[in-house]
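One structure is given here, and the rest of the page talks about it.
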There are 2 protein chains.
Amino acid sequence: MSRMTTARALIYETLETTQEHMTAYQVFDAVKPRLPSLNMSTVYRSLEYLTHEGLISVADVGEGMPIYEAVSNTHHHLVCEGCKKILIVEHEQVKGFFEKISQEYDFTIHTNHLILFGLCEKCRRAKENQSEELPKSLHP
Amino acid sequence: MSRMTTARALIYETLETTQEHMTAYQVFDAVKPRLPSLNMSTVYRSLEYLTHEGLISVADVGEGMPIYEAVSNTHHHLVCEGCKKILIVEHEQVKGFFEKISQEYDFTIHTNHLILFGLCEKCRRAKENQSEELPKSLHP
DNA sequence: TTAGAATTTGCATATAATTGCAATTGCAGA
DNA sequence: TCTGCAATTGCAATTATATGCAAATTCTAA
Ligand SMILES: [Zn+2]
Ligand SMILES: [Zn+2]
Ligand SMILES: [Zn+2]
Ligand SMILES: [Zn+2]
């Protein structure tokens with residue numbers, strides 16, 4: 001049977017308290033003082049465990065390492081590929097879509113932290129003022 | 001200016017021809033015979049480049065390494081966390097949602113390969129026949 | 001063509017993440 | 001409380017991915 005050990009509890013508590021996205025290393029740095037024996041393997045394994053239990057979520061926002069956060073108020077993100085800004089999307093805006101897909105494909109969706117990439121309004125405008133520069137050999 | 005080099009072109013061609021999801025290593029193995037000097041660093045850098053150009057897409061389906069594929073017919077996936085099965089979702093089913101979010105947040109969505117995790121119908125039923133087993137200390 | 005500038009590649013190295021295994025810890029039952 | 005089993009952890013080693021830099025390649029324009 002699986003166990004909620006000291007390491008796992010402290011890691012979860014940290015994410016829950018911080019209420020911020022943290023990388024595995026940030027979690028390690030935050031918990032280490034309270035659990036000096038803590039090892040990076042344990043951090044990785046605990047994060048995987050907590051994710052699997054649905055207590056935290058992990059997201060790759062394309063900049064370096066994946067980030068983890070406690071699952072409390074379900075939400076999602078828009079990540080701008082231009083300025084790297086991360087916006088929050090309320091679950092309310094996504095719910096309907098999930099339900100539709102669930103029904104259509106008879107599939108229960110667990111994903112609770114959707115990451116959508118694209119361009120924010122500012123970056124889109126900035127880009128419109130440049131001529132497209134495709135690699136030459138791919139030009140029509 | 002960026003260049004469509006031999007390595008990049010062969011890597012893209014491989015993904016385009018195969019029409020399958022491939023890991024970085026599978027791409028390497030497939031291209032190496034035609035370009036013996038090929039190096040894994042180049043594979044990783046080329047895949048990153050092609051992704052950035054929007055020619056291929058990358059997805060982490062939770063099983064081992066990320067997988068790459070040519071962007072041709074836009075589609076998405078449902079990944080069952082029980083049996084690991086990967087279903088295809090037509091873009092038609094997603095389009096409306098993307099448009100709604102785009103308008104609501106004034107954000108141009110580029111994401112073209114959405115991965116949603118959950119449970120397929122079979123695995124959901126299988127699970128319903130088990131008593132939930134939460135870690136003891138988290139029980140209410 | 002050919003020279004020169006700019007980009008990309010290979011290689012070596014660094015960093016991130018995973019895994020096998022023995023030691024430790026947590027839990028259930030006596 | 002104590003005992004014994006099973007799950008977890010630390011550590012070392014492995015694998016996956018990223019990066020600095022010099023050499024090679026590609027492109028441009030003379
Ligand atoms: Zn978030
Ligand atoms: Zn932006
Ligand atoms: Zn796909
Ligand atoms: Zn399934």
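Numbered from 1 within each chain, the chains take letters A, B, ... in sequence-line order.
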[N] [atom2] sits how many Å from [X] [atom1], rounded?
X      : N       : atom1 : atom2 : result
H52(A) : dA7(D)  : NE2   : C1'   : 16 Å
R8(A)  : dG10(D) : CZ    : P     : 11 Å
F28(A) : dA16(C) : CZ    : P     : 12 Å
Y49(A) : dG26(C) : OH    : P     : 14 Å
I67(A) : dA17(C) : CD1   : P     : 13 Å
L47(B) : dT8(C)  : CG    : C1'   : 15 Å
M40(B) : dA16(C) : CE    : C1'   : 15 Å
M22(B) : dA16(D) : CE    : C1'   : 17 Å

Exercise. Considering non-hydrogen atoms only, spot the tightest contact between S2(A) and Y49(A) and give its length.
Key: OG-OH, 3.4 Å
Quiz prompt | Which atom of F97(B) lies closest to which atom of L116(A), heavy atoms considered | solution = CE2-CD1, 4.3 Å
For residues 29-40 of chain B, tabulate all N or O donor-acceptor pairs below 3.5 Å that involve a side-chain atom, not counting sequence neighbours.
residue, atom, partner, partner atom, Å
K32(B), NZ, P36(B), O, 2.8
K32(B), NZ, L38(B), O, 3.0
R34(B), NH2, E13(B), OE2, 3.1
N39(B), OD1, S41(B), N, 2.8
N39(B), OD1, S41(B), OG, 2.9

Quiz prompt | Under the ring pair (Phe, Tyr, Trp, His ring centres under 6.0 Å) test, residues paired with F117(A) that sit two or more places apart | solution = none
Quiz prompt | All ring pair (Phe, Tyr, Trp, His ring centres under 6.0 Å) counterparts of F28(A), not counting sequence neighbours | solution = none
Quiz item: Who else is in the cluster with L119(B) when I, L, V, M, F, W and Y are joined by side-chain contacts under 4.5 Å?
Solution: none
Practice problem: Check whether any side-chain N or O of S37(A) sits under 4.0 Å from OP1 or OP2 of dG10(D), and answer yes or no. | Solution: yes
Can you tell which of [options] lies closest to the side chain of [X]?
X      : options                  : value
P66(B) : dA16(C), dT17(D), dT9(C) : dT17(D)
M65(B) : dT8(C), dA16(C), dT17(D) : dT17(D)
L38(A) : dT17(D), dT9(D), dG10(D) : dG10(D)

Exercise. Have a look at the helix from dT1(C)-dA30(D) to dA30(C)-dT1(D) and give the angle its two end axes make, five pairs each, rounded to 10 degrees.
Key: 30°
Quiz prompt | Residues in side-chain contact (heavy atoms from CB on, under 4.5 Å) contact with E121(A), at least two apart in sequence or another chain | solution = R124(A), R125(A), D106(B)
Practice problem: Just grab all the salt bridge (Lys or Arg N to Asp or Glu O under 4.0 Å) pairs involving residues 86-103 of chain B, residues at least two apart or on different chains. | Solution: none
Self-check item: nucleotides 18-26 of chain D: protein proximity per nucleotide (B base, S sugar-phosphate only, - neither; heavy atom, under 4.0 Å)
Solution: SBB-----B
Identify every side-chain donor-acceptor pair in residues 70-83 of chain B under 3.5 Å, counting partners at least two apart or on other chains, and give the distances.
residue, atom, partner, partner atom, Å
S72(B), OG, Q19(B), NE2, 3.4
H75(B), ND1, N73(B), O, 3.0
H75(B), NE2, E69(B), OE2, 2.9
H75(B), NE2, H77(B), NE2, 3.0
H75(B), NE2, H113(B), NE2, 3.3
H76(B), ND1, L114(B), N, 2.9
H76(B), NE2, H91(B), ND1, 2.8
H77(B), ND1, L87(B), O, 3.1
H77(B), NE2, H21(B), NE2, 3.2
H77(B), NE2, H113(B), NE2, 3.0
E81(B), OE1, H110(A), ND1, 2.7

